[in-house]
Every structure is written in structure tokens, then in C-alpha cells.
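Heads up, the thing below is written out as C-alpha cells.
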Amino acid sequence: MSPTPPAEPPQLALLRERLGGRLAFGGDYNPEQWPEAVWPEDIRLMREAGVNLVTVGVFSWARLEPSPGRFDFGWLDRVLALLADAGIAVDLATATASPPPWLARRHPDSLPVTADGVRLWPGSRQHYCPSSPAYREAAVRMATRMATRYGHHPALALWHVNNEYAAHTDACYCDRCAEGFRRWLRLRYGGVQGVNEAWGTDFWSQRYGALEEVNPPRRAPYSANPGQQLDYRRFMSDAVLECFVLERDVLRRITPQVPVTTNFMGLFKPLDYWSWAREEDVVSHDAYPDLEEVRPELGNALASDLMRSLRHGRPWLLMETAPSAINWRPRNPPKGPGLMRLWAYQSVARGADAILYFQWRASRRGAEKFHSAVVPHGGPDTRVFREVSRLGAELARLTTVPGTRVPAEVALLLAWDSWWALELDSKPSTDLRLLDRITACYTPLWEANLPVDFRRPEDDLSAYRLVVVPNLYLVSDAAAANLVGYVEAGGHLVMSFFSGIVDPGDGVRLGGYPAPFRDLLGLRIAEFWPLREGETLDVVLADGPAGGTASLWAEDISVQGADVLARFASGELAGAPAVTRHRYGSGVATYVGTAPEPGLLRALLLDAAAAVGVRPPVADVPAGVEVVRRGDALFVLNHSGSEARVRLPGRHRSLIDEREVLDELVLAPRGVAVLVEAPALAPGKTISRSA
Ligand code: GAL
């Protein structure tokens, strides 16, 4: 069962109080784009839609500080007063995500530089270098002014620092960043000697004589040193985090009672969200499932589970999602009727305590004018406004849900530095992408309604019955010992290929792959054997004729104590082990040396889960129906395109509409039910269809 999370920050009490114990519902409100005459209508419609929290000021720096040091808060005073009078709480932005044009004019070096040396221009957003002193000072001044002016405002419930850090500028390669990188390296390695050792600079005559010679991995004739590339990723994540921490510290000093967040973007590679999440009071997340994917709900579930896991099971806030279409993919269809609602419930089921939209009123001008909004260009007499308002009314009834947890018995390991290192160039195959592998492992668990927490390889895993380790290429000594200890103490671990290959400096661990896990897995790997594009290998199970295919990767495994569960049956490695299992200490370690086709991987993972007694909250659920237990509530979501009948022995009560369900729940396509067990008898009443 998920471990007990660390105590909740006391600041969250303010948010809870402002929301009156309800789930938060609302979105990004950008009143500065509209004449003031529109604002009263906004407030009226917000009340109609059940809005209780809006994010204000995210992109309003140029309005708030029209010239350096000259501030104009009048309009924001009036907006916040209207919201406070209406009882609508505010997630107030520090407004530092998009600096006003004067900053770039005064300080051209505050603009970010690409790896090719191109300085990016202002005129869009996020045009700042995270190391720029001018940007940092201006951002801190802005945060200070906001905190001083609004710290005790009756509407203030939460601070929203910046916005989607690194979304567009995921790294800067300017001279200031180079200086920062050198300081960072000195702290990590003590000096140039340590850098030379860690990066193996005797290769290609890269040895540095002084730290001043070290630069960011700017565009070079050929592959840059992998240690340099990896450390630059680490440094950038830290440098951007420093920007957040600078603002947060100002807010904490002036308004210690107000919680602080910044919005994340799911499995976002540039920032190590494990270290980021520790620095904020509550995790918040922006979810834009891709309607061109076959099952966008799969990615939504996965990202939601990560968000819940980042603070060890504590609820998180869905800070942004689209009420319908977005504007920034090649093709941007609307969400069909019921889809927005279904995915919103999916987020709540997986730990969200807020459903907030981007954005409240559709922009008339600018790059996002074709992005959907709660109030579309056509006004409130529209499908989108009606669907949002209806959901607002429904969510207000789920008063027992906020703050509750989603228990999970399976952990899936994720480490950002391993992800970065795995996807650097010059590997056996460029086809190996971590997100694909994580998704491959997550999919059968999600389809089987087995809740999954994400964890770091160094975390205490003893609370989990099953630990899945997808392609953990880079592993520290401590993490390796942790995984070995977990199995030794009785845990069951499933590890997939190309794990345990390098140390934190991207140096190969010698003596036969995967060096730190050879004893644990009872095997040794001589060579990696990546497959050609589109190539598959036959795989047969050792205990029967059944099997299937595998793609992407194979390895030359010789067992040294492990049992062979499956063998390759074609190609150069025909007859060699593909999947093994090894008893170690009181536990079991399964190794998957290839990428089995989905059915095979499903069988492997679900067998492993069943063997350790991991069960879904409800048995025998039809395909396409997601069931999640959160606290006392059972969320049942019908993603399939057809009516679904779910056997639910006993009597349940619907939190959405108070109806009772006896033994069977019938859900329309995209239907949703949130049920609690109901001891009382009310004969003859069933939910035939969740509206
Ligand atoms: C987010 C961003 C918002 C808005 C939205 C559009 O990434 O935070 O400001 O641009 O996308 O989908």
C-alpha cells in the first residue's frame, strides 16, 4: 500500500478554507484582455458555472509594470475586489512568465540563447534566460510587490509562481549560463580535475586545464561529451528551479500563510520534477491530452498518477485543461460531448482536488484566439459553457472527496537523470525512448485497473508489493543497493532491458552488464542487440508453445541462476533467454531483455501482480471501463465507445446524483459514476445510465 505521505504544509489550510471544503473549479482568468465593462458579466457567469477559484495575472507583467519600476495595480485591485465580493478565491500569479518588452530593450542579455548561438527575440513569451541577473531581479521585485500588496487580500488562496517553467525555453546556452554551469560544476566536483574524471575527458583530447575552459554543450562538429550533456541537463533543471525558489522565498517571507505552486506539464523531460515538487506546497499540473492519440485517456491517467506521486500521494491541482479544443497542435478538434467531463473525473479519481480550465473567456486577439474557453466567442449560450456549468454543479456535490488518497500497491520507477542519459546520442539504438517504455509498462496495469504510484529508485519501496523498473539505464550505488535490498526483503521486481548500465557520471559499470544487478537477476549480458526498424523476433515461452513477437531490442543473456521464462525463437539470438526470473533473498526479480508485444508484456506484468496479490478495486470490468478507488469513493469511467455494464455486488450510492446502484451499474458511452457503499436498502432504484 502507498506509504504514508509527509505531513501536509500548514499553508494549505488557507486554500481549503477559501474553497469551503469543495473541489476547486474555475480557470485562468485574463481580464486585462477585456474592457472593464465585461468583468461584471464574467463574475456573474462564473457564479452560474460554479467557479470558486480563478488564476489571475499570469501574463500581465507588462500591464502591472508598464515601465521599469513604475507600477499600475489599479485594474488588478478592481478585479480582485469583484472576485472577493463574489466569494471567488484567487490563485494569484506573480506575473513573471513573460517579461515586458522594456526588459529586453534595457537588458538584451536577459534573452535566452540557443545551442547554435541564436539569441531569441521577445514578442512571444518565456523570452528570458534563467541565469540573467536582470530577469531575476525584476522577477523578485514583481513578486515582492504582489506579495506586499495582496498578501492579506480576502480573495487570495494560492500563489502561482511564473507559468510552465521551461515549456518553450528548455535550456539557454548564453555566457551567463556558462558561468553558472562552471559554478555548479565546482560545487559538484570540487574543480576541474573532478570534471575531467567524471566526464572522461581523455577521450578525444577533451581534457580541460581550467574550469574557465568549460562551456555549455553548444553546437559542436560532432557528438558532445555525454557527461557534459548530462550535467548540463542537471544544471539547467537546477538553474530554472532557482528562479522559482527566489520568488517562492519572497512569497514565504511576506506571506507565510499562503501556499505556493507552479504548474507542471506531466512527464516533462527538461525539469526534474522530483526535486521541483519538494520546493512547492502543492503540485499543480496542466493536462492537454492529444485527441489524435488512439487512447488519450491513457496518457492522462499516467500523468495524473505522476502528479499524485510527486508529493507521495498528496492531492494535486489540475491547474489547466482545455474545455474543448486547443490551438497549438497541427490539428485541433474540439472535445466531443461528454469528453471534457469524463477526463475531468479521471483527474479527480487519480488525486486531483481542482479542475481548472485554460481559459475563462476566449481571447479575441493573439495566438490563442482559437483555443477553447469556458466562455467561447459565441458567449454562454453554447455547448461548452453548458457542459462546464453542469460539471461545476456536479463537482460541488463531491464534498467528501477533497483531500482523500488513492491507494496503490504497484510502484513504477522514474528518474530524470537516467531519462536524460538514456536519450543522449551514441547509443545502441535511437529508437529506445523512455516514455514509450514507461507507457508500455503502464498500459496493461492501467487497463487492468491496478493503481500505480511513481517512485524514485532511491525511495523506500517496502510499502509496494510490486516494483516495475522500465529501462533504468543510469543508477547510483545507493539506488542499486535499494533495489537489491527491496527484493532481498521479499519484494517482487520486474526490470526491463538496458538497466544498471552506467553510474551517475554516465560511466559504464564494468564486469558484465548489468553490473549492479547481475546477482539480483542471476544473469549476465554480453552484448546488446538492437533490432532494425520494423524488425521483430519470435519469442516462445519456456513452459509451453505459446509466445509472440518482440521488437526494438534484444540482448545476449546468459543465465547464472535465473530461470528462463521465454526465449528468442528467431534471429541471431534464437534459443537464447529473452525473459528470466530469479529468486533472490526472500523475493523475486523478473528481467525482460526485449520489448515484448503488448499481449506478452501484459501477461508478464499481470502474472507478476497476481502472484503478489495485487487486485483491482472491482473484478471483471468490461474493456474500456476505468475503475479507481479514491478514499471511500469508487470512480467508474466509461472510455469505451459503447454502453458498459459493470457488475458491482451490493448496494452503492451515487455522489453525483444520489441515486442507488444495486449489483449492476450501466454507463452510457463517456458516462461516469462516483459511488460509495450504501448500507441502506432502497428497493427498485438503480442507475440505468449515468447522465
Ligand atoms: C499552457 C499555458 C497556457 C496556455 C495553454 C494553451 O501550456 O500554460 O498559458 O498557453 O497552454 O493550451
Side-chain angles (χ1 to χ4, degrees), residues 24 26-34 53-64 90-100 122-128 158-170 240 243-244 247 261-271 273 276 280 283-293 296 299-300 303-304 307 316-335 339-340 343-344 347 352 354-377 384 388:
D28 274 46
Y29 181 36
N30 298 310
E32 66 275 21
Q33 295 177 13
W34 296 94
L53 182 71
V54 288
T55 304
V56 179
V58 176
F59 295 106
S60 61
W61 191 350
R63 276 286 200 126
L64 293 172
V90 171
D91 164 35
L92 189 56
T94 55
T96 55
S98 191
S124 173
R125 64 177 174 183
Q126 210 168 77
H127 44 278
Y128 60 86
L158 177 67
W159 286 119
H160 183 292
V161 175
N162 202 282
N163 192 63
E164 292 192 343
Y165 275 108
H168 313 300
T169 306
D170 65 354
V240 183
C243 293
F244 169 77
E247 290 195 35
T261 192
T262 184
N263 42 349
F264 291 168
M265 293 159 281
L267 281 98
F268 180 65
K269 187 174 163 187
L271 302 182
Y273 281 157
W276 276 71
E280 57 180 1
V283 168
S284 58
H285 165 56
D286 297 349
Y288 293 96
D290 187 349
L291 281 143
E292 286 210 70
E293 280 175 12
N300 200 43
S304 302
M307 293 302 121
W316 51 281
L317 311 174
L318 181 62
M319 183 58 80
E320 288 182 26
T321 193
S324 187
I326 56 154
N327 69 298
W328 43 266
R329 291 198 175 102
R331 288 157 295 277
N332 300 299
K335 291 178 180 169
L339 198 53
M340 175 278 292
W343 290 350
S347 302
I355 298 296
L356 306 168
Y357 300 98
F358 182 87
Q359 61 176 330
W360 168 252
R361 186 181 279 277
S363 299
R364 184 172 186 195
R365 302 178 197 281
E368 292 181 329
K369 55 184 170 295
F370 295 116
H371 195 290
S372 63
V374 176
V375 184
H377 293 144
V384 172
V388 169

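Just follow the structure's listing: the first ligand is 1, and inside any ligand the first atom is 1.
Distance check, rounded to the nearest 0.5 Å: CZ of Phe264 to CG of Leu271 gives 8.0 Å. For the atom pair OH (Tyr128) and OG (Ser98), the distance works out to 9.0 Å, reported to the nearest 0.5 Å. Rounded to the nearest 0.5 angstrom, Gln126 CD and Thr96 OG1 are separated by 10.0 Å. Put simply, OH on Tyr273 and CE on Met265 are 3.5 Å apart, with the number rounded to the nearest 0.5 Å. We find the CG-NE2 distance between Leu356 and His285 to be 12.0 Å, quoted to the nearest 0.5 Å.
Closest protein heavy atom to atom 5 (C) of ligand 1: Tyr288 OH, 3.4 Å. For atom 6 (C) of ligand 1, the closest heavy atom belonging to the protein is His371 NE2, 3.2 Å. Nearest protein heavy-atom contact of atom 7 (O) of ligand 1 is Glu164 OE1, 2.4 Å.
Short contacts between ligand 1 and Phe59, defined as distances under 4.0 Å to a heavy atom of the residue, involve ligand atoms 9 (O). Those atoms of ligand 1 with a heavy atom of Asn163 less than 4.0 angstrom away are 2 (C), 8 (O), 9 (O).
Using modelled atom types, one finds a donor on one side chain and an acceptor on the other under 3.5 Å when comparing Ser284 with Thr261.
Remark: side-chain polar atoms of Asp91 are not paired, donor with acceptor, to backbone N or O of Leu53 under 3.5 angstrom.
Contacts between Arg125 and ligand 1, counted as non-hydrogen atom pairs separated by less than 4.0 Å, involve the side chain only. With a heavy-atom cut-off of 4.0 Å, Asp286 touches ligand 1 through its side chain alone. When heavy-atom distances to ligand 1 are checked against a 4.0 Å cut-off, Asp28 has no atom that comes that close, whether in backbone or side chain. Heavy atoms of Gln359 found under 4.0 angstrom from ligand 1: none, in either backbone or side chain.
Taking each of Glu368, Arg329, Glu320 in turn, the one with a heavy atom nearest to atom 1 (C) of ligand 1 proves to be Glu320.
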**Message:** Using side-chain contact (heavy atoms from CB on, under 4.5 Å), reason through Trp276 and Thr262 one step at a time and then give a plain yes or no.
**Reply:** CA-CA 9 Å; Trp276 276 71; Thr262 184; 4.1 Å; yes

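Remark: ligand 1 and Asn327 share no N or O pair separated by less than 3.5 Å (distance only, no angle test).
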